[in-house]
Amino acid sequence: MKAKTLREIRKFVGRAYSSIQRVISNYNSSKSVLSKLRNGRQPKLFKSVHLNLEITASRIANDVRERSQKTLYEDTIRKILKKADYNGRVARRKLQISHINN
């Protein structure tokens, strides 16, 4: 079977030349035609959460809205914090048990 050129593939598929070229280069590099996952840059929420573990998602959203004039939904904040292993729970203090109390 004769190998086809990019222009012949473009005519057959009906896509742009650069699209065909990108798909072929992705396949050659990763043996897959799927696009790579893109992760957007996460907002810097961790500092406020690390300083105050009891801060709520709505409070963080208000802080972000005041500082940067951008809207960030509470569900997005919860998703980001959950991915970073911050739970919605705060650990209770352990009782100080000593030999005198026994």
Side-chain angles (χ1 to χ4, degrees):
M1 184 173 189
K2 183 183 169 191
K4 296 196 180 287
T5 63
L6 291 177
R7 290 171 202 250
E8 291 172 344
I9 296 171
R10 180 183 67 85
K11 285 182 183 177
F12 180 75
V13 176
R15 296 286 180 172
Y17 180 88
S18 59
S19 298
I20 305 297
Q21 192 174 19
R22 184 176 57 246
V23 168
I24 291 173
S25 69
N26 283 347
Y27 181 76
N28 288 337
S29 64
S30 65
K31 300 299 180 208
S32 174
V33 293
L34 299 176
S35 298
K36 296 175 186 171
L37 292 176
R38 295 186 179 137
N39 294 341
R41 183 173 183 162
Q42 300 294 337
K44 295 182 180 179
L45 304 173
F46 304 120
K47 186 173 183 181
S48 61
V49 174
H50 187 68
L51 294 176
N52 181 9
L53 290 175
E54 296 176 1
I55 194 167
T56 62
S58 60
R59 198 162 168 198
I60 293 172
N62 290 335
D63 290 344
V64 169
R65 194 175 301 118
E66 289 172 3
R67 276 186 293 172
S68 64
Q69 305 299 323
K70 293 183 180 180
T71 57
L72 191 62
Y73 294 104
E74 295 174 18
D75 294 335
T76 307
I77 294 171
R78 287 187 194 101
K79 183 172 61 173
I80 292 168
L81 294 177
K82 187 173 182 177
K83 194 180 252 187
D85 290 334
Y86 283 105
N87 294 326
R89 301 177 297 276
V90 178
R92 290 181 178 246
R93 298 189 86 172
K94 291 184 179 180
L95 297 173
Q96 296 292 330
I97 299 175
S98 64
H99 293 291
I100 299 172
N101 293 340
N102 288 337

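Just so we're clear, the structure is a prediction, and the values are computed from it rather than from any experiment.
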Would you list the atom pairs, donor with acceptor, under 3.5 Å between side chains in residues 55-65 and any protein atom, with sequence neighbours excluded?
unit_1: T56; atom_1: OG1; unit_2: S58; atom_2: OG; d: 3.3
unit_1: T56; atom_1: OG1; unit_2: R59; atom_2: N; d: 3.3
unit_1: N62; atom_1: OD1; unit_2: R65; atom_2: NH1; d: 2.7
unit_1: N62; atom_1: ND2; unit_2: S58; atom_2: O; d: 3.3

Problem - D75: salt bridge (charged side-chain N to carboxylate O under 4.0 Å, His left out) partners, not counting sequence neighbours - result: R78
N/O donor-acceptor pairs under 3.5 Å from side chains in residues 18-31, not counting sequence neighbours:
unit_1: S25; atom_1: OG; unit_2: Q21; atom_2: O; d: 3.4
unit_1: S25; atom_1: OG; unit_2: R22; atom_2: O; d: 2.9
unit_1: N28; atom_1: ND2; unit_2: I24; atom_2: O; d: 3.4
unit_1: S29; atom_1: OG; unit_2: S25; atom_2: O; d: 3.2
unit_1: S29; atom_1: OG; unit_2: N26; atom_2: O; d: 3.1
unit_1: S30; atom_1: OG; unit_2: N26; atom_2: O; d: 2.9

Completion exercise
Nearest heavy-atom contact between Y17 and R10 is N-CD, 3.4 Å
